[in-house]
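Following: one structure in structure tokens, then a few remarks.
When reading the values below, keep in mind they use all heavy atoms of this one structure, side chains included, and skip hydrogens, waters and symmetry mates. Every chain is numbered from 1 and lettered A, B, ... according to where its sequence line falls, protein lines coming before strand lines.
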Amino acid sequence: MGCNRSATILHGYFDNELDALGAADFERHLEQCGNCVDALEALESMRSSLNAAQLYEKAQPGLRQKVLAGIDSRRTVTVFRRRAAWQWLAVAAVLLLVTYTGLRVVSPHRGDDYETVLAAEIIDAHLRSLQPGHLIDVVSTDQHTVKPWFDGRLDFSPPVQDFADQGFPLQGGRVDVVHGRSVAALVYGRRKHFINVFVWPSNEKDAAPRSGSRQGYQWVEWRARGMEFCAVSDAAPSALEQLQSLLAEN
Amino acid sequence: MLDSQDQVRFETLVLPHLDAAHNLARWLLRGGADAEDVTQEAMLRAYRFFGGFHGGDVRAWLLQIVRNTCFSWMEKNRHGKDMTEFDEELHGPPSPNPETLAIAANSRGRLTRALEGLPPRFREVIVLRELEGCSYKEIATITSIPIGTVMSTLSRARRQLQLALVGPVNKEAVHGL
């Protein structure tokens with residue numbers, strides 16, 4: 001080739017990536033090297049062909065929307081996960097209210113405030129679970145698969161039973177977080193609806209079911225055998241009551 | 001975990017480079033539909049990692065994520081077929097003369113095929129330099145090759161592209177399929 005220069009220097013020069021000294025040096029070389037002049041010309045020719053061909057492929061307008069939608073759904077999850085912080089705010093608000101009214105400070109019972117906060121949290125957890133890929137971590141209709149799955153994931157053993165014969169087939173379970181603690185979430189199907197049953201240990205005495213609705217979702221909460229249960233769904237209230245009695249009996 | 005302020009920052013800083021992200025993915029994956037999916041995945045990944053971005057060249061930061069997402073995708077979906085390095089002849093035929101090259105490169109289809117026929121490691125530096133206009137420093141960041149190696153990689157990539165363009169007709173027929 002008759003050129004003693006490293007061929008790569010040419011590219012650095014072509015791309016304007018040589019320092020001033022290197023570039024000047026290479027220009028001096030160019031004055032006497034026909035090979036490098038040709039090679040440089042070939043590079044320039046190719047660059048202009050690449051430019052002329054307009055190979056740059058921009059994103060379709062729809063992609064931006066898809067990305068934004070993806071971010072939004074992630075954000076929703078994020079917001080739910082951040083709840084720990086505003087949970088404390090809610091608790092603080094409740095405490096303030098309690099102190100202000102001065103009525104229930106010494107009350108040994110957990111009141112409506114607790115229930116309101118709990119219901120809001122349970123419904124959040126339910127909504128969060130309905131996001132794609134969040135509902136079930138262990139997919140099984142077999143209680144003997146679901147129950148052992150919780151071992152090692154929780155510090156308690158939730159009662160797991162399938163009620164397919166009664167119209168509530170067990171779909172699976174997952175570990176969720178309610179009230180800042182890990183809880184078992186059992187997922188039952190009810191026709192086209194899902195019912196989340198959250199279970200966690202409780203030191204308090206058994207309590208009869210209390211129910212309510214919020215944002216179009218029904219919830220039932222009760223305590224039995226040292227466990228607190230809370231079922232939530234958009235299924236009919238009667239369905240929830242039915243599942244509640246099944247769970248309470250068994 | 002991003003708060004709404006971070007989300008706004010993401011939308012103003014990162015999202016404007018969506019075209020660059022898509023262009024890189026399109027050329028690395030050699031196709032439209034996959035490129036769109038992988039770009040979307042990479043953008044969401046970028047969103048997730050955005051907390052770890054502490055200023056600097058945001059385009060290079062994003063393209064690095066896109067590039068890595070593309071390579072993982074290729075490894076997963078094409079069983080490494082695309083990852084094979086071609087045996088290149090460093091001291092092969094002399095550079096094609098500019099006229100021959102200009103004629104050969106005159107067709108968009110032919111250029112596309114020649115570019116798509118390059119190994120990904122070469123294709124990415126050409127796309128980043130010629131299409132995206134990245135500096136060597138940015139290319140080094142994006143591709144994780146040492147900055148000292150960018151120039152020689154580009155030199156080999158360009159040479160192979162030139163050869164592919166003026167290469168034998170049967171070669172073109174193979175790529176044209």
Which bit of A:L68 comes within less than 4.5 Å of chain B, counting heavy atoms only: side chain, backbone, both or neither?
side chain
Using the test side-chain contact (heavy atoms from CB on, under 4.5 Å), find all partners of A:V37 that sit at least two apart in sequence or belong to another chain.
A:L30
Looking only at side-chain N and O atoms, does B:N23 offer a donor or acceptor that is under 3.5 Å from a partner on B:W27?
yes
Sort B:E11 into side chain, backbone, both or neither according to what part of it lies under 4.5 angstrom from a heavy atom of chain A.
side chain
Counting only non-hydrogen atoms closer than 4.5 Å, can you tell me which residues of residues 130-143 of chain B sit against chain A?
B:E130, B:L131, B:E132, B:S135, B:Y136
Any A:V177 side-chain heavy atom under 4.5 Å of A:V183 side chain
no
State, with a plain yes or no, whether a side-chain heavy atom of A:W200 is found less than 4.5 Å away from one of A:F229.
no
Strictly by side chain to side chain donor-acceptor pair (under 3.5 Å), give each pair with a member in residues 62-71 of chain B just once, sequence neighbours left out.
B:R67-B:E124
Pair B:R30 + B:E116, salt bridge at N-O below 4.0 Å:
no
Honestly, the part of A:N16 sitting under 4.5 Å from a heavy atom of chain B is neither
Could you work out, with side-chain contact (heavy atoms from CB on, under 4.5 Å) as the rule, every residue matching A:R174, not counting sequence neighbours?
A:S129, A:L135, A:D137, A:D176, A:A185, A:V187, A:N196, A:F198
Select one option (side chain, backbone, both, neither) describing which atoms of B:L24 are under 4.5 Å from chain A's heavy atoms.
neither
Between A:T8, A:D15, A:L63, A:L10, who has the most heavy-atom pairs with chain B when the cutoff is under 4.5 Å?
A:D15
Do A:E228 and A:E221 have side chains that approach each other closer than 4.5 Å (heavy atoms only, starting at C-beta)?
yes
Name the member of B:M151, B:M43, B:R158, B:Q40 that forms the most heavy-atom pairs with chain A at distances under 4.5 Å.
B:R158
Is it the case that more than 12 heavy atoms not belonging to A:Q54 sit under 6.0 Å from its CD atom?
no
Sort B:S152 into side chain, backbone, both or neither according to what part of it lies under 4.5 angstrom from a heavy atom of chain A.
both
Side chain from CB out, backbone as N, CA, C, O: work out which of these in B:A20 comes under 4.5 Å of a heavy atom of chain A, or both, or neither.
both
Is the distance between the ring centroids of A:H29 and A:F26 less than 6.0 Å?
yes
